[in-house]
Structure formats: structure tokens, C-alpha cells
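By convention here, the first residue in the shown sequence is residue 1.
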Amino acid sequence: MNIQRKYSLPNCTLLLEGLSDASRAAHLQELRPELSILVNVECYISGYKQPLVGGREFFESLVRAVSAYGQEFLSNIPNPQAHNQDSELVELQKIDHNRHRLIVHSESSTEALGSQQNKSPIQIDMNTVQLFDLVEAVDQFFADTQTLPELALELQPIPRRYSGASELVVKQALPASIGVASVAVAAVAFSLIPPPQVRTPEAQPETQSSATPTPTTTAVPTPTAATTPVASATPTATPSATPTTAATAPPTTDLEALLNTTAEITDPSQLRALNRQVWNQIDPAWSDRSTVKEDLVYRVGVAGDGAIVGYKAVNQGSNEGVNFTPLPKLLYNPAKRSAINNEPIAQFKVVFTSKGVLEVSPWRGYAGTPQVVGQKITDANTVKELNEKLYNTIRQNWKGTPSYTKDLRYRVAINKDGIITDYEPLNQVAFDHFRETPLPNMFQSVYGSNGAAPNNQEPLAHFQVVFNPNGKLEVTPWKGYQ
């Protein structure tokens with residue numbers, strides 16, 4: 001299947017496109033499929049509208065030249081590997097202390113800047129900030145063990161005849177925060193230590209077993225967002241036990257292996273919040289729904305901050321149809337986010353139905369009744385006034401002839417001014433027909449999108465709203481999930 005890898009910095013982006021090994025893909029839908037066959041490379045430099053485009057030969061030459069030039073720049077020692085025009089498609093030249101020229105020679109199949117012809121070398125001038133973003137993008141690639149794992153950075157110590165005074169070398173060295181590859185080239189330049197292995201080793205799983213679970217219940221997904229922490233406006237926001245930083249799980253190639261190294265999130269309230277976050281990530285990204293001819297079912301792993309860290313097809317049809325879903329594009333990028341070992345992982349059942357409806361539910365179901373968390377408006381008179389205000393607002397906006405035959409039940413949250421802050425369906429028919437209610441338009445008119453709720457810390461009043469197929473509307477104070 002077609003795979004993309006993107007390594008992005010403010011001034012540089014590397015985009016790799018390729019394929020995975022068919023023999024591996026036929027046996028297992030990996031957590032993050034390995035890109036083992038490189039088909040196309042695009043290198044974007046800020047200030048230039050068109051990217052440098054090429055294949056495997058161009059990419060290998062690019063990373064060699066960038067690494068060698070970085071070695072030269074850090075050490076202030078000339079490195080002939082950075083300027084090898086005879087054998088390399090890519091070379092870099094120093095113009096002055098803050099300007100650097102990237103040259104792609106005509107043998108490359110690259111195309112850049114539109115008007116350039118293949119017979120003439122392509123030249124791009126960069127400042128030092130752009131250069132180091134390019135170095136960091138290459139560093140991200142080498143840190144990604146699931147992309148071209150056989151391609152290693154082979155750094156060679158610079159012969160001592162090219163070196164100057166050691167004091168000057170030390171003064172030119174930059175802090176270690178520049179990146180793994182940068183540290184590696186600096187160390188080699190000093191000729192004090194052998195070239196280190198720049199690939200980040202994968203975390204070794206603990207000797208813990210994890211049986212493949214089976215789904216027990218089907219929960220109702222929701223069309224609105226709940227991505228903010230406890231103090232958020234959304235009543236099913238993640239409870240205080242949820243990590244508040246953007247954390248991700250260590251990369252692995254199998255969902256069972258991932259769970260072997262981490263605990264599993266089972267708290268019902270946290271699962272309810274994550275369930276809604278998963279739905280709101282996937283549903284807007286699922287663009288072409290007509291391509292799904294049969295239900296595609298996946299087991300999806302989610303970190304405590306809502307990041308999708310893995311997925312696995314439950315059958316061969318789902319494995320073959322994964323490219324019809326947005327799951328490959330929604331996986332977190334381990335090269336850009338630091339992994340946190342032993343972070344708890346939640347599991348969800350995600351179904352892309354042939355009817356174009358997305359369904360998300362906890363893989364094991366809910367172990368108990370989820371609770372609405374966050375600050376609540378409890379004053380009886382205020383709740384009564386808001387109840388009446390919400391009823392009038394919905395009644396004024398509820399138009400059209402219902403196509404459903406059963407009651408649509410929702411939980412709706414509003415603030416002290418009666419403005420809608422969140423809503424979620426409570427039964428399947430409510431999910432299937434939510435667009436026939438005024439709730440999406442009410443929400444979108446306030447926030448401009450149905451994709452996410454605002455980061456609102458004010459107390460909320462919660463109500464159960466029932467749309468009856470005969471036109472009757474019921475709004476009552478919330479008493480909890482049934």
C-alpha cells in the first residue's frame with residue numbers, strides 16, 4: 001500500500017512516498033507500516049514555492065551531503081564529502097557565514113522552481129536557520145525506524161590534514177540540542193569518538209502477556225468534539241487522571257506488543273471522553289466514503305491525550321481496504337513527538353460502514369457507567385431558567401419533516417448565558433439522524449465548526465433533549481448516563 005512520511009520543521013519539510021513490503025503487509029496490518037520501497041521524495045525549503053523532487057538516488061545523495069556539510073559547518077573543518085560533485089547528485093557550498101547554497105546536479109531526476117531545466121544544476125540559497133531545519137529534518141528521518149530501515153548514516157572521520165587548531169574546533173561546536181545527527185557529525189569531526197549509531201533503538205517490550213480482547217458492547221459515537229481537559233466546557237472531558245501533556249506511546253509494530261509495554265485505560269469516564277476525541281479526529285478526515293463497499297473494522301490504540309498510536313485490521317477485507325480510510329494519515333509522527341514509556345493506552349473498535357457512517361466504541365465496552373465531569377451549574381432556579389431557554393431555542397430552530405421513527409436522545413450542555421457548549425447522542429438512532437436536529441447548526445453558528453468544542457472553563461448546565469418523531473420536544477435536567 002502507498003505510505004507517506006513527513007518530517008516537518010518551520011523552514012523545511014521532507015515528504016517521502018513509497019510502499020511497504022508486500023510479504024509483510026499480507027500477514028499483518030502493522031501499527032505503523034514500514035516504508036521499505038522509496039518511490040518519490042519532495043524537499044520543501046521556505047521561500048521557494050516548488051519543492052526539489054526526486055527518487056531514491058536523489059534522497060540518498062541529499063542526506064549524505066547534508067550530513068557531511070553539517071559536519072563541516074559544526075567543526076569548521078573542510079569536509080570534501082560535502083562538495084563531491086563528481087560522484088554526488090547533491091552538494092552544499094558555503095557562501096558566507098550565514099548563507100549556504102544547495103546544488104542539485106543535472107543527473108538527478110529532480111524538478112524544482114518550475115522553470116528550471118534538468119540539464120542545468122538547480123541552486124537554492126539558504127540561511128543558517130534554514131540549513132539547520134534541513135539538518136533536523138534529515139535527523140528526524142534517521143530517527144524513524146519504520147522508514148527505509150536499511151539506510152544508515154555512514155559518517156567518516158575527517159582526516160587530520162584537514163583539521164585546524166583544536167581550540168577553534170571546540171569553539172565552533174554547537175549545543176547538543178540541535179539534534180542526534182548534528183551531535184553525531186560534531187563528534188566525528190572531533191575524531192575523539194567513533195561515529196555513533198544515529199537510529200533510535202526501539203523500546204524492548206516487557207515480559208508481560210496481553211491476550212487479544214474481544215468487543216463486548218457497542219457504544220454510541222458522537223458528532224461533536226470533546227478534546228479539552230477537565231476544566232473544559234465539554235462534560236465528558238478527560239478526568240484528572242489523564243495526562244495533560246501531549247504524550248505518545250513508544251513506537252511498535254503490533255498493537256499487542258504495544259499493550260505488552262503499557263497499561264490499558266479502562267476508566268469509563270476517560271474512555272467516554274477519548275471515544276469522542278477519536279470520532280472527531282477520524283470523521284472529518286474520512287472524505288471519500290463511496291469507496292467503502294463493505295464494513296471495515298479496526299482495533300485502534302489511543303494515548304491518554306487522544307493521539308492515535310496504532311491500529312490493526314480485524315479481518316483480511318479490512319486490511320486490504322485500509323487505504324480507503326484516514327487511519328494511516330492520522331497516526332502520530334514518532335519523529336516529531338517524544339515517546340513516553342509505559343503510557344496507558346485505550347483500545348477502541350472503529351467501523352467504517354458501507355453506508356458511510358463512522359462508528360467508534362470501546363473495544364472492551366464500558367466497565368461501569370461514565371460520569372459527567374467538570375464544573376456544573378447546580379442552582380435550581382438557574383437550571384430551571386436555562387431549561388426553558390434551551391427548549392425555546394431548539395423549538396425555534398427545529399424545522400423539516402423527521403425521517404426517523406424512534407426518539408432521538410441527546411445530552412446537551414449550555415453555559416450560564418444559554419449558549420450551547422457541547423452535545424452528544426445517547427442512542428444509535430440519535431447518531432444516525434443528528435443532522436435532522438438543529439444541534440449541529442446551533443453549535444456551528446457559535447464556534448464556526450462542528451469539529452471541536454472551545455477550551456471553556458466555566459460551569460455548565462446539562463440537559464437531556466429528546467426529539468420525538470411526531471414533533472414533540474422534551475428538555476429535562478440531566479440525571480446521568482443510563
Side-chain angles (χ1 to χ4, degrees), residues 3-18 35 38-74 79 82-83 88-106 108-118 120-144 147-148 151 153 172 174-186 198 246 329 332-338:
I3 301 172
Q4 286 189 346
R5 296 283 191 266
K6 181 184 288 187
Y7 309 102
S8 299
L9 279 302
N11 297 286
C12 175
T13 297
L14 278 178
L15 179 63
L16 277 62
E17 297 180 326
L35 193 159
L38 185 61
V39 175
N40 183 63
V41 178
E42 296 180 7
C43 179
Y44 295 82
I45 304 295
S46 62
Y48 295 89
K49 295 182 178 180
Q50 298 298 323
L52 294 167
V53 182
R56 173 96 183 209
E57 185 180 6
F58 161 69
F59 181 66
E60 291 187 5
S61 181
L62 176 67
V63 297
R64 284 194 297 266
V66 169
S67 301
Y69 187 78
Q71 179 182 358
E72 175 181 288
F73 186 80
L74 287 168
N79 186 347
H83 319 286
E88 293 288 356
L89 300 180
V90 180
E91 66 169 317
L92 282 106
Q93 297 178 352
K94 183 176 181 179
I95 301 175
D96 55 39
H97 70 283
N98 192 41
R99 295 174 62 208
H100 318 270
R101 178 164 294 161
L102 175 66
I103 303 174
V104 182
H105 295 286
S106 59
S108 166
S109 61
T110 58
E111 299 175 1
L113 310 181
S115 61
Q116 294 287 352
Q117 300 295 324
N118 286 344
S120 302
I122 298 168
Q123 298 183 358
I124 293 181
D125 291 348
M126 301 179 292
N127 58 34
T128 301
V129 175
Q130 291 171 313
L131 170 66
F132 277 109
D133 276 2
L134 178 57
V135 171
E136 176 64 18
V138 172
D139 177 45
Q140 289 185 5
F141 158 72
F142 280 114
D144 185 356
T147 303
L148 303 179
L151 184 58
L153 179 59
Q172 291 295 327
L174 296 183
S177 60
I178 293 176
V180 177
S182 304
V183 175
V185 295
V198 297
K329 297 180 181 179
Y332 81 105
N333 186 345
K336 293 182 64 177
R337 304 176 65 184
S338 59

If I take atom [atom1] from residue [X] and atom [atom2] from residue [Y], how far apart are they, to the nearest 0.5 angstrom?
X: F59; Y: L151; atom1: CZ; atom2: CG; value: 6.5 Å
X: L52; Y: I45; atom1: CG; atom2: CD1; value: 7.0 Å
X: I124; Y: C43; atom1: CD1; atom2: SG; value: 7.0 Å
X: L14; Y: R5; atom1: CG; atom2: CZ; value: 13.5 Å
X: L9; Y: L134; atom1: CG; atom2: CG; value: 9.0 Å
X: L92; Y: L131; atom1: CG; atom2: CG; value: 7.0 Å

Counterpart residues, side-chain contact (heavy atoms from CB on, under 4.5 Å), relative to V129 (two or more places apart) =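 Result, side-chain contact (heavy atoms from CB on, under 4.5 Å) vs V129: N11, N127.
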
Looking at residues at least two apart in the chain, or sitting in another chain, which of them share a side-chain contact (heavy atoms from CB on, under 4.5 Å) with T13?
-> K6, S8, Y44

L148 and R56: which non-hydrogen atoms are nearest, and at how many Å?
->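 Answer, listing the atom of L148 first, then R56: CD2-NH1, 3.5 Å.
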
Considering all heavy atoms, the nearest F73-T128 contact |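 Looking at all heavy atoms of both residues, the shortest contact is CZ-CG2, 4.0 Å.
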
Evaluate the side chain to side chain contact (heavy atoms under 4.5 Å, CB included) criterion for residues V90 and V66: first the C-alpha distance (whole Å), next the side-chain angles of each, then the deciding distance (0.1 Å), finally the verdict.
-> CA-CA 9 Å; V90 180; V66 169; 5.9 Å; no

Check: [Y] and [X] side chains under 4.5 Å, non-hydrogen atoms:
X: Y69; Y: K94; result: yes
X: L102; Y: L62; result: yes
X: L16; Y: Y7; result: yes

Salt bridge (charged side-chain N to carboxylate O under 4.0 Å, His left out) against E42, all qualifying residues, sequence neighbours excluded =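 Salt bridge (charged side-chain N to carboxylate O under 4.0 Å, His left out) check on E42 returns nothing, list empty.
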
Salt bridge (charged side-chain N to carboxylate O under 4.0 Å, His left out) against R101, all qualifying residues, sequence neighbours excluded = D125

Check: S61 side chain, E57 main-chain N or O, donor-acceptor pair, under 3.5 Å |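 Absent.
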
Return yes if some donor-acceptor pair links the side-chain N/O of Q130 with the main-chain N/O of S46 below 3.5 Å, else return no.
-> yes

Decide yes or no on side-chain hydrogen bond (donor to acceptor under 3.5 Å, both in side chains) for E91 and H105, but give the supporting numbers first.
-> CA-CA 8 Å; E91 66 169 317; H105 295 286; 2.9 Å; yes

